[in-house]
> 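I am attaching a structure below and will ask some questions about it afterwards.
Chain naming here is simple, since letters A, B, ... match the order of the sequence lines and numbering starts at 1 in each.
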Amino acid sequence: MNAPENESLDFVRQIVADDQSNGKHAGRVHTRFPPEPNGYLHIGHAKSICLNFGIAEQYGGKCNLRFDDTNPEKEDTEYVEAIKEDIRWLGFDWQDRLFFASDYFDQLYQWAIQLIRGGHAYVCDQTAEEVREYRGGWNKEGRNSPYRERSVEENLDLFERMKQGEFADGEKTLRAKIDMTSANMNLRDPAMYRIRHVHHHRTGDAWCIYPTYDWAHGQSDSMEGITHSICTLEFENHRPLYDWYLDHLGAHHPQQIEFAKLVLSYTVTSKRKLLELVQGDYVDGWDDPRMPTLSGFRRRGFTPESIRQFCNKIGVTKFNSLTDLSLLEQSIREHLNKIAPRVMGVLDPLKVVIENYPEGESEMRNAINNPEDDAAGIRTIPFGRELYIERSDFLEDAPRKFFRLTVGREVRLRYAYFLKCESVVKNDAGEIVELRCTYDPETAGGKAPDGRKVKGTIHWVSAEHAVDAEVRLYEHLFTQENPSDVPEGVDWKELLNPDSLKVLTHCKLEPSLAEAQSGDRFQFERNGYFCVDAQDSTADKLVFNRTVSLKDGWSKAKKKNG
RNA sequence: UACCCGGUGGUGUAAUGGCAACACUUCUGAUUUUGGUUCAGACAUUCAAGGUUCGAGUCCUUGCCGGGUAACCA
């Protein structure tokens, strides 16, 4: 079909491609993405979404969106809506195939009765504790439940009464009758239904018995005609059970394939931990730009293309790897470098007065919007006697390798003139508050007619025309590369990076930014990529998020030389 | 301790019995009106030991190391 040729396939695509060419399922390919609506989608889900929807696209198949909503105690419609939005944003479309496991409660119930009739399931009165005890351990075979040999009639009657609500929560379960001595724990008579008198976000109070994951999942796949049921490695041991149910039902039987989930350095992707960060106010909600959630990345300024590209690059295997964050950063830099308009913004302003520039005057300078994209055109920027430059672009005692401004040295003001620092103005505390400089009017546009060269080019903003903004800088959420590797006796939240958010106020931006709209992305030249915060930015008070910094050879060199 | 699954540069992957390849990171250098971009170069005897084979990262055996699994969670 549309599968790329001459390109190596990952092992999942290899299976799909082989099945298709062998005519399995008549060449049909149908996958699904099955999130539980109990939290927001994160970057690990993106890997799964790209895999499932990507395979469907490549092999001329379909991919369903199915919410695995079998545990009403943890699930909520808020999550359903957020998940849908995130998948759409990522760029995928389930068309008319939006499903819920709860759509199948009736069929599941009928199938359960079929298993009971066949002697493959029974109602068990053991408490959760008794079940655990009877299950045994890795080196200890399980023992049969005393209720295991109930008659079909009794099981049918009891199961019906479970459904009718005659019993209290936890009083009874329906269990598959498999093998209490199996080496695979999942086969030691797993629970199929538990009693929970709770409201379900979709079925309301229609049910008080709810199917377990294992009972619901494979059967849902089957009903939807799924051909390849792709899930993560921790379900590997569940596959024999997945197969057992379908074999004993004689139903359409998809193939379960397991791959290694994404683990990204300096962050966590455990839903439990993400929920704790949100509920404990360690972050500003699910879409906090430091969160590894898709809504967090979106607010931070990531493009869906960059995340898809990242998922493409990391591949799909069964190896438990720790993917370096630099791979993700590379993906977003690569995309933003191509599409983000360049602007000048001074994050930590230092006033410059050009003594030989006429007072009360100003002029417009031409600037290229994006050197990577001629179609982006040019714009004009006001220039005048008083400017702001980046504080870090001036150093009193500059080493020879410092290509920026120092007293007596000349630099180029991007798109403007050569500028020479004549003297430094300090306050009583000895802090530099202003630079007195001169410019060379002959160097308009940044070239000297006499051919003299200047080593550095710095960005600037006209003080008279600058717009003020708040800029939020983000660092790793955690201080440790693998925050799941928590030292003994340490709470994982102690590994949170206290400096993960730095808020800068009164940053000075070129005036064109006054028009910036929510979500707009820019490169602040020499600084990084920034976007207008979708939550907090207003026309009166601009707020920018730093998506990612530019690679910085100078700070690297500094570090290296001590 | 039982079962299942893994192990290729610092990181992520490729090589489908035939010259260990690609991307990222790091380091060199060139170019540059962004210390960005771009370009060029450097960085491995494939966990170990045996075996099969003309030939093994790949197949077999054993060992070592890592991960998962004993919810009425998913």
Side-chain angles (χ1 to χ4, degrees), chain A residues 7-11 14 34-36 38 68 70-71 73-75 124 126-128 131-132 135-142 169-175 182-186 188 190-196 209-210 212-214 216-217 231-240 258 260 262 265 271-272 310 313-331 333-334 337-338 342 344 367-368 371-372 401-404 411-416 445-447 454-459 481 523-528 549-558 560:
Chain A
E7 222 171 275
S8 68
L9 303 176
D10 59 66
F11 82 101
Q14 188 70 63
E36 183 189 12
N38 69 342
D68 223 326
T70 57
N71 186 359
E73 288 169 307
K74 291 186 184 171
E75 297 151 6
C124 183
Q126 286 188 311
T127 63
V131 169
R132 197 180 318 126
R135 184 160 34 231
W138 290 317
N139 263 340
K140 195 174 163 217
E141 288 189 351
D169 286 5
E171 198 177 328
K172 287 180 167 33
T173 54
L174 183 74
R175 292 226 256 164
S182 174
N184 184 338
M185 290 294 168
N186 295 116
R188 320 252 262 226
M192 295 169 62
Y193 278 96
R194 66 296 207 177
I195 300 172
R196 292 284 180 277
I209 57 171
Y210 291 97
T212 58
Y213 165 84
D214 285 303
H217 196 85
C231 62
T232 46
L233 248 30
E234 66 265 32
F235 294 104
E236 230 163 7
N237 293 332
H238 293 239
R239 192 178 349 121
E258 311 87 10
L262 170 67
S265 61
K271 276 199 192 174
R272 197 202 89 233
F310 168 72
K313 279 197 296 202
I314 57 174
V316 182
T317 67
K318 299 187 74 153
F319 178 61
N320 289 299
S321 55
L322 176 63
T323 300
D324 201 292
L325 202 56
S326 65
L327 253 70
L328 219 207
E329 290 180 343
Q330 161 65 13
S331 297
R333 284 197 187 106
E334 194 178 306
N337 177 49
K338 291 275 185 296
R342 271 58 170 175
M344 291 201 281
I368 295 165
E372 304 289 322
K401 294 277 220 160
F402 187 76
F403 304 149
R404 308 174 188 183
V411 294
R412 174 166 36 231
L413 293 171
R414 171 134 245 222
Y415 297 128
K447 276 197 183 74
V454 99
K455 194 75 177 157
T457 301
I458 66 173
H459 59 281
E481 187 176 34
Q523 183 195 101
F524 290 7
E525 292 209 27
R526 304 210 304 134
N527 264 319
S549 65
L550 245 30
K551 277 202 265 183
D552 184 356
W554 168 239
S555 70
K556 256 182 218 164
K558 256 195 314 190
K560 200 181 134 205

> Mind checking what makes salt bridge (charged side-chain N to carboxylate O under 4.0 Å, His left out) contact with E258(A), not counting sequence neighbours?
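Checked E258(A) against salt bridge (charged side-chain N to carboxylate O under 4.0 Å, His left out); matches are R239(A), K318(A).
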> How does each nucleotide of nucleotides 20-31 of chain B score, in 5' to 3' order, for protein heavy atoms under 4.0 Å: base (B), sugar-phosphate only (S), or none (-)?
----SSSSS---
> Applying side-chain hydrogen bond (donor to acceptor under 3.5 Å, both in side chains), can you list everything that pairs with K313(A), at least two apart in sequence or on another chain?
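K313(A): side-chain hydrogen bond (donor to acceptor under 3.5 Å, both in side chains) contacts with S331(A).
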> Test of understanding: with salt bridge (charged side-chain N to carboxylate O under 4.0 Å, His left out), list the residues that count as partners of R404(A), not counting sequence neighbours.
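D393(A).
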> Which atoms of nucleotides 40-44 of chain B (N or O only) lie under 3.5 Å from a protein N or O atom, and what are those distances?
none

> So that I can compare with my own list, what are the stems of RNA chain B, taken as at least three consecutive Watson-Crick or G-U pairs with distances under 3.5 Å?
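Consecutive-pair runs (3 or more) involving RNA chain B: B:2-7 with B:64-69, B:10-13 with B:21-24, B:26-30 with B:38-42, B:47-51 with B:59-63.
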> Applying salt bridge (charged side-chain N to carboxylate O under 4.0 Å, His left out), can you list everything that pairs with E75(A), at least two apart in sequence or on another chain?
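Applying salt bridge (charged side-chain N to carboxylate O under 4.0 Å, His left out) to E75(A) gives none.
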> What string of B, S and - do you get for nucleotides 69-74 of chain B, 5' to 3', when a contact is any protein heavy atom under 4.0 Å?
BBSBSB
> With sequence neighbours left out, write down each residue that passes ring-ring contact (aromatic ring centres under 6.0 Å, His included) with H217(A), or none if nothing qualifies.
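ring-ring contact (aromatic ring centres under 6.0 Å, His included) list for H217(A), sorted by chain: Y213(A).
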> Output all residues satisfying ring-ring contact (aromatic ring centres under 6.0 Å, His included) with F524(A), sequence neighbours left out; order by chain, then residue number.
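F530(A), F544(A).
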> Using the test salt bridge (charged side-chain N to carboxylate O under 4.0 Å, His left out), find all partners of D10(A) that sit at least two apart in sequence or belong to another chain.
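Here the qualifying residues are R13(A).
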> Applying ring-ring contact (aromatic ring centres under 6.0 Å, His included), name anything that partners W138(A), two or more places apart in sequence or on another chain.
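None.
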